[in-house]
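Chain letters run A, B, ... following the sequence lines, proteins first, then strands; residues in each count from 1.
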There are 2 protein chains.
Amino acid sequence: MQDFTFHNPTRLELGTGKEAAIGQHLAEHGARKVLLVHGSDRIKADGLYDTVTRSLAAHGIGFVAFGGIVSNPVISSVREAIAVARREQVDAVLAVGGGSVLDSVKAIAAGVPHEGDVWELFIGQAPLTRALPIFAVLTLAATGSEMNGGAVVTNEATKEKFAIQSPLLHPRVSVVSPALMRTVSRDYLVYSAADVIAHCIEGYFTATVQPHLQSRLVESLIATVIETTGTLLDDPADDAARAEFAWAATLALNGTVYAGTGGYGYPNHMIEHALSALFNVPHGAGLSVVMPAWMTWYHGRNPAQFERFARHVFGVEGAEAGIAALRAWFDRIGTPTRLGQLGITEADLPAILDNLQGNARWFGLAETYTPEALGEILTLAL
Amino acid sequence: MQDFTFHNPTRLELGTGKEAAIGQHLAEHGARKVLLVHGSDRIKADGLYDTVTRSLAAHGIGFVAFGGIVSNPVISSVREAIAVARREQVDAVLAVGGGSVLDSVKAIAAGVPHEGDVWELFIGQAPLTRALPIFAVLTLAATGSEMNGGAVVTNEATKEKFAIQSPLLHPRVSVVSPALMRTVSRDYLVYSAADVIAHCIEGYFTATVQPHLQSRLVESLIATVIETTGTLLDDPADDAARAEFAWAATLALNGTVYAGTGGYGYPNHMIEHALSALFNVPHGAGLSVVMPAWMTWYHGRNPAQFERFARHVFGVEGAEAGIAALRAWFDRIGTPTRLGQLGITEADLPAILDNLQGNARWFGLAETYTPEALGEILTLAL
């Protein structure tokens, strides 16, 4: 185990109906006027928008709504929202939606007090030194963004999907309300499962320092995702399973399972970001395609951990059997495992490889993930 | 899974040598003068006292030392320290020691701004509404106090060992430095292992709502305690194992594994508190005696979970085999499993049962733990 700092001050409020208290949380943090960011207008149809705005009004908090955030959120929307936030002089930002809305809100919170263009914060041209306070009502559990300081946004002009990370971007309060997630589509449920598993395995397989405790915690999360996804596919209204899935998603990326590990990378995310930047595929769907291919390519570099994965997660023996079991499970729940299922063919590989060169540098993985290596992995994913 | 709030703002700094930065942490929180609380003078002999006070001086922070905190800390020392803290007008409290020092510091932090006697806060005669900011340099990993808002103190006059609990008592920063723990005695290492396992199993076995995820996390912690205790008994200087043990101890009681569970109690702690209040036995040693007896008495009330424990933790089948395996492991590492090993005989049972009536009410467990039931459990522990 290597040295670490664990500091996660986000207040997580998990429970059905807790969204009705969001105004109180904002008031306790002294907010007076908030930018309410959301995606489609579905939250207006299903009553969530009313619940949230009534709660704000009850605590004397003004708001300006900014809708239209799309999955794989884009920097142009973030820029528009920053302009609105400045004009309206909001003092806080509230996400009502899933990971894309929350990631956008983090970029907005950092961008409002930044004097230059917000993308400078993503490419390291300017430090992130200030941010508006962030609040969230989560409608989809997957990204873990509700309890960490990271955010991923795509620059549509440059086709770059990059991240920012700062303690300043931890939400002050995140509400996770299982009943709000009943309407998550079957597709997005299984993509979310793949996303959480990706968050779990990146460190688990690639870390050069990986204590047994942290491996056990990761296996606990994966087992829970597998179990609760099955339950939810049978009964989307099982709020207890939804809550357990959501808590696993949060724990996967709130620092708990990465504490004390070291030397890890995010190669699956690096590769997937090229797919969603170029083809706008759902992040989790891209990950479920990349993971089995990457694992097949990588397992010889860390055979003991892959054998452990096979045994502890799927009760099978041998690295390849474990990989096959994960792919079979992805197939069974219906998240794609081949590039063809995303409409991507061999003819697209050169463009993906071209995009990946920037990603590999950005992720600090260019040494291992040469164009040749990436070509091998993508070919395994065909 | 039931609704929960997870909010743990403590900054945990785990790493050898991090105690040298404690002055900086205090300065960042605006402290000017601190009460430095410790136990024996061993920290002066081994250099830790110098390291800490040099760090305070380097950041312009004055201090007053208050030593002599004993294991099973007593309210009389807390009262003395409160008087010193008031007279010296400190604005923060720093624990340099193990769980007893940290629990004392929490009581001091709550007691300084409280107008009445500090024990009123323990028996519910006054609400805990303010506290000085708390910092810690931990020299023994066991109680989890470094990352939660609880503290247990004994009133020697009334022979009551009770607790306080408040978000105000979360340490702002806790430094956990594995190398500082190399000098922990063999006895205190194994008592600590028993303490952490007790924190794990209280909820695991007694909760009426216990999601599989939380059971998996608990089993991960217990497996880690068993593994790393073995490593440390062979090599007390294995800092990596010490760090992993310490992180497991923190996670056992920092809210992570209890989130979403419900209806649990702390019967083993309730019983042990009588033993340490009356006979001043080390808390972990008392717990390793109580646990196998309590489990033997209790397992029929939750057979599936006890069978799960046997299978997942020890790889054996059947509740009783699991309990026997835990007792055998306690025997092997050398923490007591019989009251006789603590010098307590059948003749002492009436006094223990008498003390336990107050505890049972205080812990909210009087309905299940009648004098008859407690007598049965204690008899099983003889």
Side-chain angles (χ1 to χ4, degrees), chain A residues 1-18 21 25 147 167 170 172-178 209 211-228 231 238-248 250-251 254-257 259-260 312, chain B residues 1-18 21 25 147 167 170 172-178 209 211-225 227-228 231 238-251 254-257 259-260 312:
Chain A
M1 180 162 266
Q2 70 177 40
D3 295 356
F4 67 85
T5 298
F6 184 94
H7 186 218
N8 195 328
T10 296
R11 180 186 192 92
L12 190 78
E13 291 283 357
L14 189 146
T16 290
K18 287 196 171 193
H25 295 303
M147 202 174 177
H170 275 260
R172 305 294 170 99
V173 180
S174 283
V175 172
V176 178
S177 175
V209 181
H212 286 172
L213 169 53
Q214 304 307 84
S215 291
R216 293 185 183 108
L217 297 178
V218 165
E219 291 155 4
S220 299
L221 299 183
I222 296 175
T224 301
V225 169
I226 291 174
E227 183 177 69
T228 54
T231 305
D238 187 326
D239 288 347
R242 189 77 68 174
E244 206 171 332
F245 181 102
W247 180 225
T250 300
L251 286 172
N254 80 340
T256 305
V257 304
H312 289 210
Chain B
M1 179 162 267
Q2 69 177 42
D3 295 356
F4 68 85
T5 298
F6 184 93
H7 186 218
N8 195 327
T10 296
R11 180 185 193 92
L12 190 78
E13 291 283 358
L14 190 146
T16 290
K18 287 197 170 192
H25 295 301
M147 201 174 177
H170 275 260
R172 305 295 169 99
V173 180
S174 283
V175 172
V176 178
S177 175
V209 181
H212 286 171
L213 169 53
Q214 303 308 83
S215 291
R216 292 184 184 107
L217 297 177
V218 165
E219 290 155 5
S220 299
L221 299 183
I222 296 175
T224 301
V225 169
E227 182 177 70
T228 54
T231 306
D238 187 327
D239 288 346
R242 189 79 66 175
E244 206 171 331
F245 181 102
W247 180 223
T250 300
L251 286 173
N254 82 340
T256 305
V257 305
H312 289 210

Exercise. Flag the pair A/Phe245 / A/Val225 as yes when at least one side-chain heavy-atom distance between them is below 4.5 Å, and no otherwise.
Key: yes

Whatever's closer than 4.5 Å to a heavy atom in chain A on B/Thr10 counts as backbone

Quiz item: Just by modelled atom types, is the B/Thr256 backbone N or O under 3.5 Å from a matching donor or acceptor in the B/Gln214 side chain?
Solution: yes

Okay, A/Thr16 and chain B: the region with an atom under 4.5 Å from a heavy atom over there is backbone

Worksheet item: Is a side-chain N or O of B/His7 found less than 3.5 angstrom from the main chain of A/Pro9, in a donor-acceptor match?
Response: yes

A/Lys18 side chain to B/Phe4 backbone, donor-acceptor under 3.5 Å | yes

One option among B/Gln2, B/Arg11, B/Glu219 has the most heavy-atom pairs under 4.5 Å with chain A, and it is B/Arg11

The interface call for B/Ala223 against chain A, heavy-atom contacts under 4.5 Å, is both

Whatever's closer than 4.5 Å to a heavy atom in chain A on B/Glu227 counts as side chain

Pair count under 4.5 Å, heavy atoms only, with chain A: among B/Glu13, B/Arg242, B/Met147, highest is B/Glu13

Of A/Val209, A/Thr228, A/Leu213, A/Asp3, the largest count of non-hydrogen pairs under 4.5 angstrom with chain B goes to A/Leu213

Counting distance only, does the side-chain N/O of B/Glu244 pair as donor-acceptor with the main-chain N or O of A/His212 below 3.5 Å? yes

